[in-house]
2 protein chains.
Amino acid sequence: MLSERHLEVVLAVVYEYIKTGEPIGSRTISKKFLKDRSAATIRNEMADLEEMEYLYQPHTSAGRIPTPKAYRIYVDAIMRRQRSFPADSDGWMRELRARRRDVEEALGYATRLLGKITNYIGVAALGPASETVLQRVEFVRMGNRTVLILLVLKGGLIHHRTVVLPCDMTQDNLDELSRRVSTVALGRQWKDVRGILQAYVEDALERYADSCRAAIAEMDLILTEQPFQFFTGGTRNVLGMPDFSDLGRLQAMMGLLEEDESIGQLVHGCSAEQGLCVTIGDENPVFQMRDCSIVMASATAGGRRAVVGLIGPVRMDYERSISVLEGILGTLSDNNESEEGGL
Amino acid sequence: MLSERHLEVVLAVVYEYIKTGEPIGSRTISKKFLKDRSAATIRNEMADLEEMEYLYQPHTSAGRIPTPKAYRIYVDAIMRRQRSFPADSDGWMRELRARRRDVEEALGYATRLLGKITNYIGVAALGPASETVLQRVEFVRMGNRTVLILLVLKGGLIHHRTVVLPCDMTQDNLDELSRRVSTVALGRQWKDVRGILQAYVEDALERYADSCRAAIAEMDLILTEQPFQFFTGGTRNVLGMPDFSDLGRLQAMMGLLEEDESIGQLVHGCSAEQGLCVTIGDENPVFQMRDCSIVMASATAGGRRAVVGLIGPVRMDYERSISVLEGILGTLSDNNESEEGGL
DNA sequence: CTTAGCACTCCACAACCGAGAGTGCTAAGA
DNA sequence: TCTTAGCACTCTCGGTTGTGGAGTGCTAAG
């Protein structure tokens, strides 16, 4: 449906428009990209493309601007090619590698890095651990009935939460509780043991059955809800973004970045499929983002599923964005094991 | 140096300018605020005030705009009065109270709340615990020489960090280590014990002296560096801020919000003095903030020193900002103990 | 099918103009 | 001496007009 000739024009327009931000005229294309065709010829083709909704004119006698459909074509073309990581950010990458020990910190750093390198907004989400296996359980008495629950998961993830139990327990009681829980649950999948835990614990602590039940319920909550964790970096760069049609929209979008849920939604789409995925403008599920494009990719870091991405204007430097993201992802992810024998 | 008559004019101009954002003319003042003086009289006084640098005109034949000096006078006047908390935010306050158990979460929520209520930017910093007393110490073996250090401080603060020790230790070794550390350090001020810890620990674990030393050094690092923790909320509201003279400046300012250090600097000034403090425009130590005003106050929450504040444009609704902040601070701070017998 | 030529359209930018707001100054009144 | 009315002056803001340039669509010739 789209001839080779037409395709060439679309790609040229998108490429040039990304670079300049100005509407592109037929003359420019003819001179810079397709020297074997005159401006008039290009003009005819452009008219066709406009009919097909790959290009549009803001007004007669202005050049053409690519539509989302055109960006799509462009991005697909890019993805087929091989890219190389921009070399200029070697020092940063070392920094990032140094932080790999702590996944959360690494992801935070990665988003800030993405922001800095690309001038767009870096986002990341850290999914639940691939296996929910307890490595350590502690209950620490903080006040009358206030107890701190401390869970160390295999892989190094730590959860803690303060809860109020229905009845008072001494630290000795709590130690007994954690001993019992440990006996049953350590080194095993949580989902396999939580059912049988209650009975075994009450065996020794029946006087505190209520509190034990509450504690175990809370543990279950912590371990099964396992929400995504989110990171953003370079938020300031929204300001450098397109003359957003409307300031209100921009504000709405920034609002999203503060609310984890909506990022979750974004991530969700991507985390399903493996590899890199680019969402352009209104392809986006979250309507506040319809003026943005998102480049996302998932990886496994520290044994957990992670999604790292970039949010930028639709008129984004996709080529660069993608290669930067790939570079960071490579440094971050587990299969790039190197140095130190840890774990 | 500033007569009563002049003062009245200054206050009126600031008040009106904050409300409208437009330069204020002599006529407006005469009609709305000082009905017993004619516009011409006010005009003369305004000319005086311009000479004294309390007001200035963007151009001849425009009204007057207050200078930072005038804002200062205005804020000082407000601070002497009593304020009442805006009633419309009762539900939110309940929400906030419900989160008081976890200081970190509460502060995070408070900043978002501040952002939402005022449409400025909420910030908060959580200082080091007032007393560094260990309540629990755990070392968990994560890999060959990788060990997770878990510290629970009195008051409920949890620190954890993963480190690589110089030599391999079994979990039993590590348990012995934590037992020994506990014996010496639990319930006592860290600064009193860290000196004697090493000797006592090596007594039993001399084979691993190196690793023990490394672990204790790391603990010391965690406990003594005790960095401030920072929170921000409502960042999106920068967009609603003044037609910032320069977009670059706005961006620079947003950049600050991502870097903890500089917020630390802001906080530092305030945390010294007790109570509420307002910094207007270029009174600010951080030069990127010279277009903003900051309202900050400190309190004690969860046994830790906390500073909560608002960043807004110089033309900020100080009265409302201050009362909102006071309200939130009241709900947050420890002396407002209520409900539940905890701790 | 391609291309040169040409008339046409439309925007961006500058210049211009009038209305309105607010001032400073002056002179008269208390 | 202080206050006030009156008046001429200044400057911005919004709208209008005009011009130059860029880019198009169409047509006719190669």
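Letters A, B, ... mirror the listed sequences (proteins, then strands); counts begin at 1. Because the structure is a prediction, the values reported are computed rather than measured.
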* To do: Could you tell me whether a side-chain N or O of A:Arg64 sits under 3.5 Å from a main-chain N or O of A:Tyr56, the two making a donor and an acceptor?
  => no

* To do: Give a yes-or-no answer on whether the side chains of B:Tyr318 and B:Ser293 include a donor-acceptor pair shorter than 3.5 Å.
  => yes

* **Side-chain heavy atoms of B:Phe231 within contact of B:Arg112, under 4.5 Å** => no

* Is a donor-acceptor contact shorter than 3.5 angstrom present between the side chain of B:Ser61 and the base of D:dT10? -> yes

* Structure fact -> Atom CZ of B:Arg27 and atom P of D:dT4 are separated, to the nearest Å, by 15 Å

* Can you tell me how far P of C:dT23 sits from CD of B:Glu50, to the nearest Å? -> 10 Å

* Asked: Does OP1 or OP2 of D:dT4 have a side-chain N or O of B:Ser38 closer than 4.0 Å?
  -> yes

* What is the distance from CD1 of B:Ile42 to P of D:dT4, rounded to the nearest Å? -> 9 Å

* Structure fact -> Per atom distances to the B:Arg64 side chain, the nearest of C:dT2, D:dT4, C:dT23 is C:dT23

* Asked: With sugar-phosphate meaning primed atoms plus P, OP1 and OP2, does A:Arg37 contact a base, only sugar-phosphate, or nothing at under 4.0 Å between heavy atoms?
  -> sugar-phosphate

* Gap between atoms CG and P, on B:Leu55 and C:dG22 respectively (whole Å) -> 15 Å

* Asked: Rounded to the nearest Å, what distance is computed from the CD1 atom of residue A:Ile24 to the P atom of nucleotide D:dA22?
  -> 15 Å

* Is the distance from OP1 or OP2 of C:dT2 to the nearest side-chain N or O of A:Arg5 less than 4.0 Å? -> yes

* To do: Specify the separation, in whole Å, of atom CD of B:Gln57 and atom C1' of C:dA21.
  => 12 Å

* **Stem regions touching DNA chain D, defined by at least 3 consecutive Watson-Crick or wobble G-U pairs below 3.5 angstrom** => C:1-30 with D:1-30

* Structure fact -> Note: for A:Met46 and B:Asn44 on DNA chain D, the residue whose nearest nucleotide lies more 5' is B:Asn44

* Asked: Nearest 0.5 Å, what's the OH-CG distance between B:Tyr17 and B:Leu55?
  -> 11.5 Å

* **Gap between atoms OH and P, on A:Tyr56 and D:dG23 respectively (whole Å)** => 16 Å

* **Residue pair B:Val10 / B:Tyr74, side-chain heavy-atom distance below 4.5 Å** => no

* Asked: What nucleotide among C:dC10, D:dG25, C:dG24 has an atom nearest to a side-chain atom of A:His59?
  -> C:dC10

* **Side chains of B:Ile311 and B:Ile294 in contact at under 4.5 Å (non-hydrogen atoms)** => yes

* To do: Ignoring backbone atoms, establish whether A:Thr60 has a side-chain N or O less than 4.0 Å from OP1 or OP2 of C:dC8.
  => no

* Is there side-chain contact between A:Leu34 and A:Arg5, with heavy atoms separated by less than 4.5 Å? -> no

* Asked: For the pair made of CD in A:Glu4 and P in C:dC1, what is the distance, rounded to whole Å?
  -> 17 Å

* Structure fact -> Per nearest nucleotide of DNA chain C, the residue lying toward the 5' end, B:Ala47 or A:Arg43, is A:Arg43

* How is A:Thr41 classified with respect to the nucleic acid when contacts are heavy atoms under 4.0 Å: base, sugar-phosphate, or nothing? -> base

* Check for a donor-acceptor pair, side chain of B:Asn237 on one end and backbone N or O of B:Gly115 on the other, with a separation under 3.5 Å. => yes

